[in-house]
Amino acid sequence: MALQQTLVLCKPDAVSRGLVGEIVRRLEARGYLIVAMKLMQLDGERARKHYGEHAGKPFFNGLVEFITSGPLVALAVEGEDVVEGVRQMMGATNPLQAAPGTIRADFAQQIGRNLVHGSDSADSARRELDIFFEAKEFVSRKHDLNRWLVE
Ligand code: UDP
Ligand code: MG
């Protein structure tokens, strides 16, 4: 078990469809803590940096175009093993393969409009959080509920 932070993005489809509250609600209900959060629109440079691992893939240009097309909500979320926990809550990249009960299965139809991003490892999380947030934008929060969440 490890206390981690991860980057969550409510992508432009989530913002436009009014699903930010639902996504934030799920994260909070699971007991994870939001330690930074903002509504912003990405420029192409930052989008290409964030999705750098996918540069050259057939979907890359469309992905960058979509993620920069409108406002998104970026969150830094903190908790025990939160990287894996958030990935589980999001479900598989393709909503048709995502398990029922996950955000992508419950609210999305297609891979290119799958509502949320979550870092895929602790290393990616650190790299990605750096792209979206400055150190001064993080608040430090007490994990008061941990006695009910963590053995
Ligand atoms: N994506 C896409 N088509 C693909 C693969 C990925 O449009 O064939 C998009 C999709 O929105 C996905 C993002 O690119 O969320 C990043 O892909 P990744 O494999 O990292 O999936 P994720 O980590 O978001 O589940
Ligand atoms: Mg990914």
Side-chain angles (χ1 to χ4, degrees), residues 1-135 137-138 141 149-150:
M1 225 173 53
L3 183 64
Q4 300 174 327
Q5 293 181 347
T6 193
L7 175 74
V8 176
L9 301 179
C10 302
K11 298 182 185 179
D13 46 348
V15 174
S16 297
R17 291 179 54 200
L19 290 169
V20 174
E22 171 67 23
I23 293 164
V24 170
R25 187 197 66 73
R26 286 179 176 222
L27 295 168
E28 289 184 320
R30 198 165 185 192
Y32 297 136
L33 292 180
I34 298 165
V35 293
M37 181 171 176
K38 63 182 164 187
L39 179 74
M40 61 192 289
Q41 188 154 353
L42 273 192
D43 59 26
E45 186 182 301
R46 244 205 283 199
R48 283 189 292 273
K49 192 171 174 196
H50 170 65
Y51 280 124
E53 64 175 302
H54 299 303
K57 296 184 185 169
F59 61 86
F60 184 68
N61 288 341
L63 176 61
V64 169
E65 193 176 328
F66 175 65
I67 204 79
T68 58
S69 66
L72 57 75
V73 172
L75 304 104
V77 182
E78 187 174 278
E80 292 293 333
D81 297 327
V82 68
V83 172
E84 184 182 354
V86 164
R87 295 286 295 185
Q88 177 196 47
M89 292 173 76
M90 289 175 5
T93 309
N94 183 342
L96 288 176
Q97 269 131 42
T102 62
I103 294 165
R104 285 164 167 174
D106 288 356
F107 302 112
Q109 298 181 14
Q110 292 190 353
I111 195 164
R113 298 289 184 273
N114 61 6
L115 297 171
V116 276
H117 168 84
S119 309
D120 64 9
S121 68
D123 284 348
S124 306
R126 274 187 294 273
R127 185 187 76 82
E128 295 171 0
L129 286 167
D130 253 10
I131 295 172
F132 283 83
F133 294 104
E134 293 174 49
E137 293 177 296
F138 289 84
R141 295 189 59 183
L149 293 164
V150 177

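Each ligand, and each atom within it, is numbered from 1 in the order the structure gives.
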Identity and separation of the nearest protein heavy atom to atom 7 (O) of ligand 1: G112 CA, 3.6 Å

Under 3.5 Å donor-acceptor, R104 side chain and L115 backbone: no

Atoms in ligand 1 with a heavy atom of N114 nearer than 4.0 Å: 10 (C), 11 (O), 12 (C), 15 (O)

Residue K38 excluded, over 12 heavy atoms near NZ under 6.0 Å: yes

More than 12 heavy atoms from other groups under 6.0 Å of CD on E53: yes

Nearest-option assignment for atom 5 (C) of ligand 1, heavy atoms, candidates F66, F59, F60: F59

Residue selection (non-hydrogen contact nearest atom 23 (O) of ligand 1) among R113, H54, K11, R87: R87

More than 12 heavy atoms from other groups under 6.0 Å of CD on E84: no

Y51-F60 aromatic ring centre distance below 6.0 Å: no

Any R104 heavy atom less than 4.0 Å to ligand 1: yes

Region of I111 engaging ligand 1 - heavy atom pairs below 4.0 Å: both

Heavy atom of L63, distance to ligand 1 below 4.0 Å: yes

